[in-house]
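Chain identifiers are assigned alphabetically (A, B, ...) following the order of the sequence lines, protein sequences preceding nucleic acid strands; residue numbering begins at 1 within each chain.
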2 protein chains.
Amino acid sequence: MHARRPATLASLAAELGVSRTTVSNAYNRPDQLSPELRRRVLETAKRLGYPGPDPVARSLRTRKAGAVGLLLTENLSYAFRDPAALAFLEGLALACESAGQGLHLVPVNPQREDIANVHRAGVDGFVVYSVPDDDPHLAAVLSRPVPTVVCDQPRVEGVDRVGIDDHAAITKIAKRLISLGHRRIGVLCMRLGRDRNDSFVSLDRQRSAHFHVQRTRLAGLADTFTAAGVNWADVRVVERFDHSQASGESAAAQLLDADPGVTAIICTSDILALGAMTEAKRRNLRVPQDLTITGFDGITEARRVGLTTVRQPVLEKGKAAGKLLLGAAEANRQREITLETELVDGTTSAPPRTAEERWFGP
Amino acid sequence: MHARRPATLASLAAELGVSRTTVSNAYNRPDQLSPELRRRVLETAKRLGYPGPDPVARSLRTRKAGAVGLLLTENLSYAFRDPAALAFLEGLALACESAGQGLHLVPVNPQREDIANVHRAGVDGFVVYSVPDDDPHLAAVLSRPVPTVVCDQPRVEGVDRVGIDDHAAITKIAKRLISLGHRRIGVLCMRLGRDRNDSFVSLDRQRSAHFHVQRTRLAGLADTFTAAGVNWADVRVVERFDHSQASGESAAAQLLDADPGVTAIICTSDILALGAMTEAKRRNLRVPQDLTITGFDGITEARRVGLTTVRQPVLEKGKAAGKLLLGAAEANRQREITLETELVDGTTSAPPRTAEERWFGP
DNA sequence: TATTGGTTCTGAACCGTTACCGTCAGGCCA
DNA sequence: TGGCCTGACGGTAACGGTTCAGAACCAATA
């Protein structure tokens, strides 16, 4: 029944007539006492039901918790739905596992600003994954006196960082579409701030977005298309708070309703792109003949449908974050890791139809 | 830089000329001191870089860690690959989240019997998910003086439990196949013990399997088919250590090589069944006309391909486990939760072809 | 005036362990 | 015989908080 804690290291020591130190050593440093005594200690422990040194007390004394905290501002369960987040989690878990460290998922209620849970987590360090840069939980983590690694976040002074070059990555997509001939495009992006705005995005909101990744990708698109002679102010960008295929569908619908003339929809995630493809099919728009659609991430599902996208090594990101954090003691280590991305040419991108083709068929 | 811990509650108190109690109250019981003093405390804390009460020390004193431990004997990352395990994890995470509890994934190296990590986890309770009944980690968890909930495990005296009736569930499949007319069947199952046996399974090994779920499902099949006049000793059961579609493929191949005459392959998981379907296709066996294939779990992918299977509420299992654990203080609570399962008739099951049809076509 | 009650703060005990250093006995060597 | 070393164990002091029973003070009530 494990009712109440019956024995402590001290009571065990008293029972045996030895010091607490000796009992402690029996568990932690077998070489520090005679095998015979150790045997007696362990045997008595079993008899009294002593479960071994209390992990919390040990942590207090040794100043090691044996666990890494993970902060995701989304509902914890979000991480289990989104393939990219999942792969990141897996990579991080692998790194923790091989270092014998636990992985402590910090519970966060995105509505209430529940900073307390960050302060309550007994961990040796934090990994922060893709939270808005003005998130109070992030601030709470940074205020804790433990090493931290941020991922898909803006740089923070003195904090290790893992990520990709989002600007360069999305530029690969943009350049490809430009070279195919696309000039009239639309964009679907994930949420840009903690407030919900399921609609078009003003230039101002684009620039002041609090999600680093989204802000940077939009900036990359703006820069590249502007350089190609497109007036970015005319490009419609549709935002969705929830990250799901359904969001991609409705966002694509909103975009196509507003401007049926777009020849390409660029999405800042594969999930959104998959939704957009569903919406295209509903409208009898053939992809890529009638409409080009691109994604971002390179998730398995995207590969299956042949989505044109940018693949990023999400699992490696998780691994890298873990290694960076757990190797924090190493001197002169690299403080920032930027992973490579790769353009994946799929079957969802093609040159736009000419005006003639639009009317008379290909 | 968060270099070294500069301040403690005591040093803050000294700086302010108040007692430690007062500083503690400033954080935990704002009503216990004047607003003015509280403001001074918090301000001084900020000035000295005091990050608030140390979570580990607090845990030691309050005997609450604010986290739930999760033990999966598989590699931690396994949980992120297997859809069923994932859904369970999500459900558990949801329950933790709504209770404001962290979720601490205990790192376990399945090779080395690394019990230490179980003892090191500072948690208020454990959830144990689908580990072999002779697993030393399970024993280690049970030796800890904290509440525990086991899931998909055999009953343990005094320990809460969540699960389904595996025997009844697989019997639904068995009866369906029997009523369709299948008598010559084969079975694909997941690993039955900690040792690797990627081959046929003896009756003895079936009965002494250490994974409760697999053992029970096999027993259910044996009972039901025996009652239908099938000599169970003649039924080939193929085991695979790794749980993957590739395993399902190779296991199905092994089975079909040994007995090309089977009319149905019953799998104890959807993943294995999906692999079996791939192998069937490779052999130009039409499903279900030439071969019936069934799964177990009811994962999304199974629904997509129309697999005949038994759906179990995996996410709810996770939620239930969390609630049971976190509501442990409630008196007279239910100590065991058994969730319902449902037979899903898909398009992968049909009556067996007659001998005549086998030779002359349908 | 004495009592009551409420607010604000303090003192001391306690949570269970490990780090650090000291002690002591016995053996070895010169 | 004396000095030194080694193995085995003990004592003390943290580690950084929370809690509970009161003390001190002041205003209000009987």
S.K.: So what does B:T21 hit on the nucleic acid, given a heavy-atom distance under 4.0 Å: a base, only sugar-phosphate, or nothing?
M.R.: base
S.K.: Would you find a donor on one side and an acceptor on the other, under 3.5 Å apart, between the side chain of A:D124 and the backbone of A:G66?
M.R.: yes
S.K.: Please determine if a side-chain N or O atom of A:S24 lies less than 4.0 Å away from the OP1 or OP2 oxygen of C:dT18.
M.R.: yes
S.K.: Any idea how A:Y50 and A:Y27 line up, ring-wise: parallel (<30°), tilted (30 to 60°), or perpendicular (>60°)?
M.R.: perpendicular
S.K.: Pick base, sugar-phosphate or nothing for B:R29, based on heavy-atom distances below 4.0 Å to the nucleic acid.
M.R.: sugar-phosphate
S.K.: With the threshold set at 4.0 Å, does a side-chain nitrogen-carboxylate oxygen contact exist between B:R63 and A:D54?
M.R.: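 Between A:D54 and B:R63 there is a salt bridge, with a charged N closer than 4.0 Å to a carboxylate O.
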S.K.: Does B:R47 reach the side chain of B:E43, with side-chain heavy atoms less than 4.5 Å apart?
M.R.: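 B:R47 vs B:E43: side chains apart.
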S.K.: For a quick check of understanding: with a heavy-atom distance under 4.0 Å over all strands, which category does B:V56 fall into, base, sugar-phosphate or nothing?
M.R.: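 Nothing, no nucleic acid heavy atom in range.
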S.K.: Using a cut-off of 4.0 Å on non-hydrogen atoms, how would the nucleic acid contact of B:T22 be classed: base, sugar-phosphate, or nothing?
M.R.: base
S.K.: Side chain of A:L33, heavy atoms from C-beta onward: which of D:dC9, C:dT17, D:dG11 has the nearest atom to it?
M.R.: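 In terms of side-chain proximity for A:L33, the closest of D:dC9, C:dT17, D:dG11 is D:dC9.
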S.K.: Could you give the CG-to-C1' distance, from B:L60 to C:dT18, as a whole number of Å?
M.R.: 12 Å
S.K.: Toward the 5' end of DNA chain D, which comes first, A:N25 or A:R20, by nearest nucleotide?
M.R.: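 In this pair, the answer is A:N25.
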S.K.: When you compare the side chains of A:T22 and A:S19, does any donor N or O come within less than 3.5 Å of an acceptor on the partner?
M.R.: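 Side chains of A:T22 and A:S19: pair found under 3.5 Å.
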S.K.: Rounding to an integer number of Å, can you tell me how far A:D54 CG sits from C:dC15 C1'?
M.R.: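 Taking atom C1' of C:dC15 as the reference, CG of A:D54 is at 9 Å.
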S.K.: Check the orientation of B:Y129 and B:F88. Use parallel for under 30°, tilted for 30 to 60°, and perpendicular for over 60°.
M.R.: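 Parallel: the ring planes of B:Y129 and B:F88 meet at under 30°.
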S.K.: With DNA chain C as reference, determine whether B:S19 or B:A57 sits nearer its 5' end, using the nearest nucleotide of each.
M.R.: B:S19
S.K.: Roughly how many Å is it from CZ in A:R120 to P in D:dT18, rounded to a whole number?
M.R.: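 Nearest whole value for this atom pair: 12 Å.
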S.K.: What nucleotide, of C:dC15, D:dC9, C:dT18, holds the atom closest to the side chain of B:R63?
M.R.: C:dC15
S.K.: Rounded to the nearest Å, what distance is computed from the CG atom of residue B:D31 to the C1' atom of nucleotide C:dG6?
M.R.: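 That distance rounds to 13 Å.
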S.K.: Could you state the CD-P distance from A:Q32 to C:dC20, rounded to the nearest angstrom?
M.R.: 13 Å
S.K.: For B:R144 and C:dG16, what is the distance between atoms CZ and C1' respectively, to the nearest whole Å?
M.R.: 13 Å
S.K.: Check the phosphate of C:dA19 against A:R61, side-chain N and O only, distance under 4.0 Å to OP1 or OP2. Yes or no?
M.R.: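 No, because none of the side-chain N or O atoms of A:R61 sits under 4.0 Å from OP1 or OP2 of C:dA19.
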S.K.: Tell me whether the side-chain N/O atoms of B:S34 come closer than 4.0 Å to OP1 or OP2 in C:dC9.
M.R.: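 For C:dC9, OP1 or OP2 has a side-chain N or O of B:S34 closer than 4.0 Å.
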S.K.: Mind calculating the distance between CG (A:N28) and P (C:dA19) to the nearest angstrom?
M.R.: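 For the pair A:N28 CG and C:dA19 P, the rounded distance is 7 Å.
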S.K.: Send over the distance from B:L9 CG to D:dT19 P, rounded to a whole Å.
M.R.: 12 Å
S.K.: For D:dG16, does OP1 or OP2 lie under 4.0 Å from any side-chain N or O of B:T8?
M.R.: no
S.K.: Which listed nucleotide (D:dG17, C:dT10, C:dT17) is nearest to the side chain of B:V18?
M.R.: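 Of the candidates, C:dT10 comes closest.
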S.K.: Does B:Y27 put a side-chain nitrogen or oxygen below 4.0 Å from OP1 or OP2 of D:dG16?
M.R.: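 Checking D:dG16 against B:Y27, no side-chain N or O comes under 4.0 Å of OP1 or OP2.
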